[in-house]
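Quick note: numbers below take in every heavy atom, side chains included, and nothing from hydrogens, waters or symmetry partners. Below, chain A is the first sequence line, B the second, and so on; all start at residue 1.
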2 protein chains.
Amino acid sequence: MRKALTRDRVLLAAVGIADRDGLPAVTMRRLGAELGVEAMSLYHHLRGKDALLDGVAETLIGEVLTAVAAADGPGGWRVRLRAWFLAAREVMLRHRWGPGLLNSRATVPFGVLRHYDAIIGVMVGDGLSYRIAHRALHAFGSMPLGFVQEAFSPSGDGGDGGMSAVADRLPHLAAMVASEAHEAELGWCDSQVEFEFTLDLLLDGLDRARRSEDPLV
Amino acid sequence: MRKALTRDRVLLAAVGIADRDGLPAVTMRRLGAELGVEAMSLYHHLRGKDALLDGVAETLIGEVLTAVAAADGPGGWRVRLRAWFLAAREVMLRHRWGPGLLNSRATVPFGVLRHYDAIIGVMVGDGLSYRIAHRALHAFGSMPLGFVQEAFSPSGDGGDGGMSAVADRLPHLAAMVASEAHEAELGWCDSQVEFEFTLDLLLDGLDRARRSEDPLV
DNA sequence: GGGAGCTACCTTACAACGTAAGGTAGCCCT
DNA sequence: AGGGCTACCTTACGTTGTAAGGTAGCTCCC
């Protein structure tokens with residue numbers, strides 16, 4: 001006699017499949033098989049595939065919210081937000097399908113809104129105007145969720161990503177890789193360093209924007 | 001007697017379908033029908049669906065490169081990159097499926113690399129170090145391609161995005177919307193303004209990082 | 001100038017997907 | 001005891017990408 005099916009068990013199983021085999025591997029049939037059940041049985045707990053993915057997204061940001069809460073501590077808005085975003089990032093590193101999933105959802109998961117609400121709360125609580133807080137949210141982009149849009153991901157790992165083959169057509173890029181490679185910490189392109197660099201760049205800029213808006217502070 | 005099928009004609013047709021009916025509407029059968037041909041005939045010009053989408057992505061960033069070239073002019077790295085990114089953004093506004101497509105591709109389209117190469121060229125040409133240029137690329141995220149990761153898109157258009165229904169659970173967000181709404185330019189949340197704000201925030205920060213790296217300049 | 005061979009297209013077919021429709025076994029409640 | 005509800009299953013359909021193989025028409029060469 002197996003455990004009774006519940007919405008949460010289904011979502012957990014879906015997360016597991018995505019972790020192991022990627023998001024496209026999460027099909028209704030596969031999910032059912034994983035739970036010892038036929039695909040159509042899932043429909044008694046979820047309205048369909050879209051609802052399933054929405055649920056997975058909610059589960060994911062639930063994990064983010066938990067991690068953020070655990071990483072929170074005393075301090076001003078800058079240090080707290082910094083810790084929050086880095087905590088969220090760790091969750092996304094555990095679930096590399098996370099960014100893709102969140103991008104694909106039509107409606108913003110409610111947990112995301114709660115997260116943004118908390119971020120605004122921290123900022124205005126420290127005296128930032130709603131205007132700055134608003135712009136800050138836009139500037140952060142997806143950083144509050146722990147990832148950035150990496151339009152340029154040089155084939156993941158270290159190495160030059162097979163770029164030497166076309167270096168003559170990409171002279172500046174090749175030169176940059178050559179220049180940066182010898183002083184690399186973890187491969188020529190350490191995302192963690194870059195993430196924090198961008199994060200601090202934004203936080204610094206926002207802090208400056210705040211001061212220029214309210215010169216007395 | 002209809003025009004002969006070519007790879008370019010196929011890609012153009014795919015772009016057209018995506019523009020009209022969205023990216024999911026681009027199926028092999030639909031694409032064939034659009035060209036007066038059976039689906040399997042497309043395989044003589046493209047290796048499969050993935051190759052098709054890669055081709056569409058290349059077509060898209062080809063349009064970006066053209067727009068960027070047209071928007072280029074004299075000036076320092078800041079003003080030139082600013083103009084470039086805004087030009088790219090206009091292309092993405094014409095093809096709203098663009099960001100999603102680029103996100104979904106496993107390999108970075110070559111045109112993207114050429115674009116990044118040009119960006120690096122402008123920066124180091126103006127004296128920025130490769131280190132700063134490298135970090136700048138990461139900080140920009142997808143801005144060079146004309147879009148940002150909008151994790152929080154308040155239901156597209158104006159209005160509060162149906163948020164008043166849950167305002168009690170999102171007090172800070174609701175307060176921010178209320179505070180910002182009455183001074184909105186185009187709906188309460190004007191993406192163009194936000195895009196430029198973030199862009200300038202980053203450019204300012206990078207300029208400052210450059211100076212602190214090389215205090216003599 | 002007539003077969004060889006290539007190109008560009010079509011036909012058929014299959015596996016996998018999401019899911020609509022309806023069936024059934026076991027439980028609870030009155 | 002029996003009606004009804006819940007949780008699961010069975011079957012089936014339409015759509016997707018694409019493998020396999022067929023065919024008409026052009027070019028080329030001896």
Problem - Short side-chain to backbone donor-acceptor contact, B:S179 and B:A175, under 3.5 Å - result: no
Practice task
Quickly work out the B:R7 CZ to C:dT7 P distance and round it to whole Å.
Solution key: 18 Å
Practice task
Answer yes or no: does a side-chain N or O of B:S41 lie under 4.0 Å from OP1 or OP2 of C:dC10?
Solution key: yes
Fill in the blank from the handout: To the nearest angstrom, the CG-P distance between B:L31 and D:dT15 comes to 18 Å
Listed pairs, N/O of protein and of nucleotides 17-21 of chain D, under 3.5 Å:
| unit_1 | atom_1 | unit_2 | atom_2 | d |
| --- | --- | --- | --- | --- |
| D:dG17 | OP1 | B:K49 | NZ | 2.6 |
| D:dG17 | OP2 | B:M28 | N | 3.0 |
| D:dG17 | N7 | B:R29 | NH1 | 2.7 |
| D:dG17 | O6 | B:R29 | NH2 | 3.1 |
| D:dT18 | OP2 | B:Y43 | OH | 2.8 |
| D:dT18 | OP2 | B:K49 | N | 2.7 |
| D:dT18 | O5' | B:Y43 | OH | 3.2 |
| D:dT18 | O4 | B:R29 | NH2 | 3.3 |

Completion exercise
When rounded to whole Å, the CD to C1' distance for the pair A:E38 and C:dT19 reads 14 Å
Handout entry: A:R82 with A:D200: basic N within carboxylate O range, under 4.0 Å
Key = yes
Problem - Length of the line joining A:L42:CG and C:dC17:C1', which is rounded to integer Å - result: 14 Å
Practice task
Using the six-membered ring of A:F195, assess whether NZ or CZ of A:R89 lies under 6.0 Å from its centre and within 45 degrees of the ring axis.
Solution key: yes
Using distance only, find each side-chain donor-acceptor pair of residues 20-35 of chain A under 3.5 Å and give its atom names and separation, not counting sequence neighbours.
| unit_1 | atom_1 | unit_2 | atom_2 | d |
| --- | --- | --- | --- | --- |
| A:R20 | NH1 | A:G16 | O | 3.4 |
| A:R20 | NH2 | A:E34 | OE2 | 2.2 |
| A:D21 | OD2 | A:R30 | NH1 | 3.2 |
| A:D21 | OD2 | A:R30 | NH2 | 2.7 |
| A:T27 | OG1 | A:R30 | N | 3.0 |
| A:R30 | NE | A:E34 | OE1 | 3.3 |

Practice task
Examine D:dT6: is either OP1 or OP2 under 4.0 Å from a nitrogen or oxygen in the side chain of A:H45? Give yes or no.
Solution key: no
Practice task
Measure from the side-chain N and O atoms of A:S142 to the backbone N and O of A:F147, and report whether any donor-acceptor pair falls under 3.5 Å.
Solution key: yes
Practice task
Please state how far atom CG in A:L35 lies from atom P in D:dC9, giving the value in whole angstrom units.
Solution key: 11 Å
Handout entry: Sequence neighbours excluded - side chain to side chain donor-acceptor pair (under 3.5 Å) pairs with any residue from residues 104-115 of chain B
Key = B:D54-B:R105
